[in-house]
Amino acid sequence: MTEPEPPALPPAATASQPVSKATEQAINPWDVQAAVDDEGNVQEFDYAAISQQWATRLIDDELLERFERITGHKPHRWLRRKLFFSHRDLDLILDTYERGDDFLLYTGRGPSSDAMHIGHTIPFEFTKWLQDVFDVPLVIMLTDDEKFLFKEKLKQEEVYEFARQNAKDIISVGFDVKKTFIYIDSEFFTSGFNRHFSLNATEFEKLITNNQVRGAFGFHGSTNIGSNAFAAKQCVAAFASSYPFIWGDDVKTYRRSKKLAAMPCLIPCAIDQDPYFRLVRENSHRMDNPSPKTALIHSKFLTALQGSGGKMSASNPNSAIYMSDTEKQVKNKINRHAFSGGQETLELHREKGGNPDIDVPYQYLAYFEDDDEKLLRLANEYRKGELGAGEMKSECINMMTQYVKKFQEAREKVTDEILEDFLRPRKLEWRGNPNPTKPKNEKPDEKTEGGSVLDADGKPMTKNAMKKAAKMAEIERKKKEKEAAAAAAAKQ
Ligand code: TRP
């Protein structure tokens, strides 16, 4: 985390005017805070608001129908239940798949401790499912450099070891080594296989000004300079041209592949990572070998055991179920620490019914129970008071112990050799769409340059008109950047 700006002092209380505790929700890659009301109660996250504020698209049923039609797979329960709730350009990824063209799947994790909890495995479970559905190559970036740069106390050796342990946890989710390259930044960036990654990073760094990163991330004058450089790395990690070896291409040459640069990329991530990828979306066309805007699928945050707005944190082991917890720990945590939406006494519960919407055991079941009907039945019976709070907890305990047990069995089998296999830069193997239903693009290399670009009237633009439009866009971009910088400066 960056050195935080000193918080603004609260207004002094007067007898007539009590201090307001209310704060708005704040979501950025380093800090996620739910809103607080006047009484100091932590509120639920308002995901529709963040989607609107950041201009992402909500995942709707129409998109999910198309997803099912094109892939032949029923959408994952996390899509059906809108736990992955928002996206950017997922429709374009579906177009790509329909044509039978390749795309790159990319996700990552900042290894801030050696233990992962259920909230951490969710994006990886989902990514694995996407990889199974689309049968495409996947890269997983473990940002030990990021955690070292942003966390005051961590040492490089220590974060590297966290990354290795986390990589084993991630492998335990079930990834196929033939299609998956996992890398630990500090290792990959010194391996000799990173030439194209580094060239991309330097080129991208040249395109981005301090004003832009200040606007996107709230960096300020005393932020260390590594933070700026890191932002570029998390961005260019989305370019397939950063990993030529995955396609069996030469890694030594200085010439990066135009064709790989033009390959689309889909990033499943929690919504707090979006600021990074807005930066890449806004600038990828400005690279020498332009890349299309990266597509994204955003998840909500898994609620802490303590209930909505609460945070799962390593410093409070009772806030989360860890993948290393014993059966007994899982049981005790849910029984003793999970926030219940049930009534105080069983009599009251039978009379008034419970509230599944705030009941953490139910929320966790909503993540892990695949049977839609069963889930609906549990919610209905709970509301009517037929199902008790303790019964909801035991449903949850069953589900979570099974999940954790299955994980631990897989984890035991992940040896150092298996880890090394995933970490080795190499050619990957995948099949993609076996039955493309749309013709391939004529010139895939020029896909992002658009072949012929149409003007506002739908007529092909001349070269000069295109140049002029590009110049106007550049002026507009600079203007926006100045405004963002002014806004960031005003905040300080
Ligand atoms: N910055 C992320 C974190 O702290 C790690 C990360 C790198 C990532 N690349 C990513 C997460 C792509 C999601 C998608 O956890």
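If you're wondering where the values come from, they're calculated on a predicted model, not measured in any experiment.
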Taking only Lys NZ, Arg NE, NH1 and NH2, and the carboxylate oxygens of Asp or Glu, determine whether [X] and [Y] approach each other closer than 4.0 Å.
X	Y	value
R99	D101	yes
K179	D135	yes
E420	R164	yes
K74	D370	no
D288	R256	no

Between [Y] and [X], is there a side-chain donor-acceptor contact under 3.5 Å, judged purely by atom types and distance?
X	Y	answer
E412	Q408	no
S198	H196	no
N224	S227	yes
D249	S257	no
T121	Y403	yes
D144	S186	yes
R286	N283	yes
N166	D114	no
Q212	E282	no
N289	S241	no
S291	S284	no
Q234	T143	no
D176	W430	no

Under 6.0 Å between the ring centres of [X] and [Y]?
X	Y	result
F126	H76	yes
F197	F189	yes
F193	Y243	no
F103	F134	yes
Y183	F181	yes
F175	W129	no

Crowding at CD, E62 (>12 non-hydrogen neighbours, <6.0 Å):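 Open: at most 12 neighbouring heavy atoms sit under 6.0 Å from CD of E62.
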Within a radius of less than 6.0 Å around CD of Q53, do more than 12 heavy atoms belonging to other residues, nucleotides or ligands occur?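 Yes, enclosed.
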Check whether any side-chain heavy atom of [X] sits under 4.5 Å from a side-chain heavy atom of [Y], and report yes or no.
X	Y	value
F67	V133	yes
I297	I59	yes
E98	R66	yes

Could you tell me which non-hydrogen atom of A201 sits nearest to which non-hydrogen atom of K233, and how far apart they are?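 For A201 and K233, the tightest heavy-atom pair comes out as CB-CG, 4.5 Å.
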Short side-chain to backbone donor-acceptor contact, R426 and D421, under 3.5 Å: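 Judged by distance alone, yes, a pair lies under 3.5 Å.
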Stepwise, does the side chain to side chain donor-acceptor pair (under 3.5 Å) test hold for Q306 with S319? CA-CA 6 Å; Q306 281 68 26; S319 63; 4.9 Å; no
Side chain to side chain donor-acceptor pair (under 3.5 Å), that's the test. Do T56 and S51 meet it? Break it down for me. CA-CA 5 Å; T56 74; S51 161; 2.9 Å; yes
